[in-house]
Amino acid sequence: MKSFLSVDTATLSHKEYDAIVVGSGAAGLFCATKLSSLGLKVCVLTKDAADVGSTKLAQGGIAAALSKEDSPDLHFNDTLKAGAGLVKTKMARILTEEGVKRVIDLIRMGANFETNEKGLLKFTKEAAHSVARIVYYKDKTGEEVERALLDSYRGDIIEFAEVKELIVKNNRCYGVIYEKDGEFKAIYAPVTAIATGGAAGIYLKNTNPPTSTGDGIAIALRYGAKLQDLEFVQFHPTAFCDDSECFLISEAVRGEGAIIVDEQGRRFMGDYHHLWELAPRDVVTRAIECQKKICGGNVYLDFRPIEKKGIDIFKRFPTITSKLLEKGLNPKQDLIPITPVAHYYIGGIAVDSFGRSSIEGLFAVGEASCTGVHGANRLASNSLLECLVFGERTAYGMYRDWRYLRQDFSPIGIKLNQKSGLSNNKFSLKEVQEIMWKNVGIVRSAESLTKAIDKLSEIANSNSDWQVRNGAVLGLAITISAMRREESRGGHYRSDFPYEREEFRKHSNFTLADLEKLL
């Protein structure tokens with residue numbers, strides 16, 4: 001089941017590099033920039049134009065202990081608390097301690113963040129942070145980060161190149177097969193990094209770009225890489241959705257004072273009283289879903305308390321407010337209807353602290369990877385920080401391994417054959433997204449997960465498009481992982497097991513062998 005293509009790599013036109021990075025977001029570009037600075041010949045492959053992806057859509061900012069009231073220890077403790085008992089402490093220490101240096105590196109590379117009249121960095125607060133530690137640029141931090149990284153990168157970028165398969169022999173990765181302009185080609189390198197982003201895009205309602213459908217994770221799974229914590233999907237509590245799109249309303253809006261209310265303008269989560277808007281995301285998401293189901297009404301975000309603090313929301317949040325105005329909503333006057341949506345994928349390709357996967361020569365970084373730093377529920381604004389910290393560490397891991405893997409490296413010929421006996425049925429990506437949203441979404445149960453497994457198995461074994469089958473394969477892996485975890489923890493909630501259980505305070509692993517009976 002490894003390949004979705006039938007192709008002989010020996011017949012493909014090819015190029016050779018020292019290192020390949022698949023993906024052009026913050027993680028991939030930071031890694032590639034560091035590799036270039038170390039003297040390696042690097043190629044970045046990107047599914048879409050190099051400036052389109054999840055990084056560019058990031059609104060809030062980057063968490064880092066840069067203020068005098070803060071410390072890496074405080075940041076570490078907040079990360080652990082948000083992670084619901086599953087954060088890998090070694091990784092969290094690396095993130096919070098090295099994160100300070102990486103943000104300074106980013107500033108040195110030309111990234112702009114908001115400063116006060118004295119030229120000192122401004123900080124805002126987001127959910128589950130004990131102090132204000134988020135550095136930001138208006139409400140388009142990701143766009144600014146990506147601009148600085150693209151300006152700094154000096155290697156090759158091949159745009160509109162969709163990586164279809166890995167070139168793997170004897171558990172060693174030699175490169176990738178990609179498609180560009182309808183033609184399959186190969187790139188060979190001793191070391192390859194998957195930085196393709198997450199998988200929230202396989203849910204019907206999501207804040208991700210169309211490219212974030214978990215392809216890189218699914219490809220790695222198909223070639224034998226070990227995956228980890230696939231059941232954990234983070235749903236963001238505040239997005240605006242209509243018939244045409246969903247777009248994120250950043251947590252920074254609540255950090256500045258916005259509140260969540262019902263149709264009568266009342267706050268409804270009493271245990272947290274005036275602080276509940278900044279509870280962990282999984283808590284706020286389930287509170288909103290519960291309110292909608294029990295009371296049957298809409299839930300809203302009220303921006304007006306921000307204005308009462310003397311903050312002009314049009315200047316502080318120009319991207320968000322302009323989008324709302326386009327939808328006929330004025331946040332200075334109107335309550336804004338919100339709904340939780342799939343936002344961030346916590347699980348992914350299992351890696352060590354230098355980005356190594358279980359396949360020699362194959363690395364993963366960013367949302368495609370699973371470092372364990374987020375546990376069961378990511379602390380707000382730790383995602384871009386993870387891209388920077390582990391982007392650099394992955395570059396050093398790749399450089400170290402390249403020095404010995406290059407010694408016996410050469411392009412190899414492999415014949416890939418697609419599985420026979422596929423059904424002639426054709427499914428769409430939207431059908432996968434609907435199954436995941438309805439059955440493997442915010443609230444799950446054995447009954448809903450069983451339905452998803454049956455439907456996704458049919459799609460994975462059909463003659464559907466490559467992306468659709470990839471989505472179905474990863475969807476199956478997520479669903480099976482969710483079925484196995486008979487508890488509720490962080491971003492994984494089971495209505496039939498609504499509490500945490502001590503025997504499940506452990507990371508879950510998943511490999512291709514776990515899918516053998518279904519594919």
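Residues take their numbers from the sequence shown, with the count starting at 1. The analysis underlying the following values was restricted to heavy atoms, covering all of them including side chains, and did not include hydrogens, waters or symmetry mates. Please read all numbers here as calculations on a predicted model, not as lab measurements.
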Are there over 12 heavy-atom neighbours, none belonging to Lys323, within less than 6.0 Å of that residue's NZ? yes
For the residue pair His14 and Tyr188, does the interplanar ring angle fall in the parallel (under 30°), tilted (30 to 60°) or perpendicular (over 60°) class? perpendicular
Taking the ring centre of each residue, are His374 and Tyr344 less than 6.0 Å apart? yes
Passes side chain to side chain donor-acceptor pair (under 3.5 Å), Asn417 versus Ser6? Steps please. CA-CA 4 Å; Asn417 295 298; Ser6 294; 4.5 Å; no
Evaluate the side chain to side chain donor-acceptor pair (under 3.5 Å) criterion for residues Lys455 and Asn439: first the C-alpha distance (whole Å), next the side-chain angles of each, then the deciding distance (0.1 Å), finally the verdict. CA-CA 10 Å; Lys455 294 175 181 177; Asn439 299 290; 5.3 Å; no
Taken in chain and number order and not counting sequence neighbours, the residues that satisfy salt bridge (Lys or Arg N to Asp or Glu O under 4.0 Å) with Glu144 are Arg147
Rounded distance [0.5 Å steps], NZ in Lys185 versus CD1 in Ile177: 13.5 Å
Suppose we call two aromatic rings close when their centres sit under 6.0 Å apart. Are Phe235 and Tyr203 close by that rule? yes
In this structure, CD1 of Ile249 is separated from OG1 of Thr207 (nearest 0.5 Å) by 11.5 Å
Which value, rounded to the nearest 0.5 Å, describes the distance between Ile20 atom CD1 and Ile158 atom CD1? 9.0 Å
Evaluate the side-chain contact (heavy atoms from CB on, under 4.5 Å) criterion for residues Ile346 and Val233: first the C-alpha distance (whole Å), next the side-chain angles of each, then the deciding distance (0.1 Å), finally the verdict. CA-CA 6 Å; Ile346 294 171; Val233 180; over 6 Å; no
Give the C-alpha distance, both sets of side-chain angles, the deciding distance and a yes or no for side chain to side chain donor-acceptor pair (under 3.5 Å) between Glu360 and Asn171. CA-CA 6 Å; Glu360 189 173 38; Asn171 201 49; over 6 Å; no
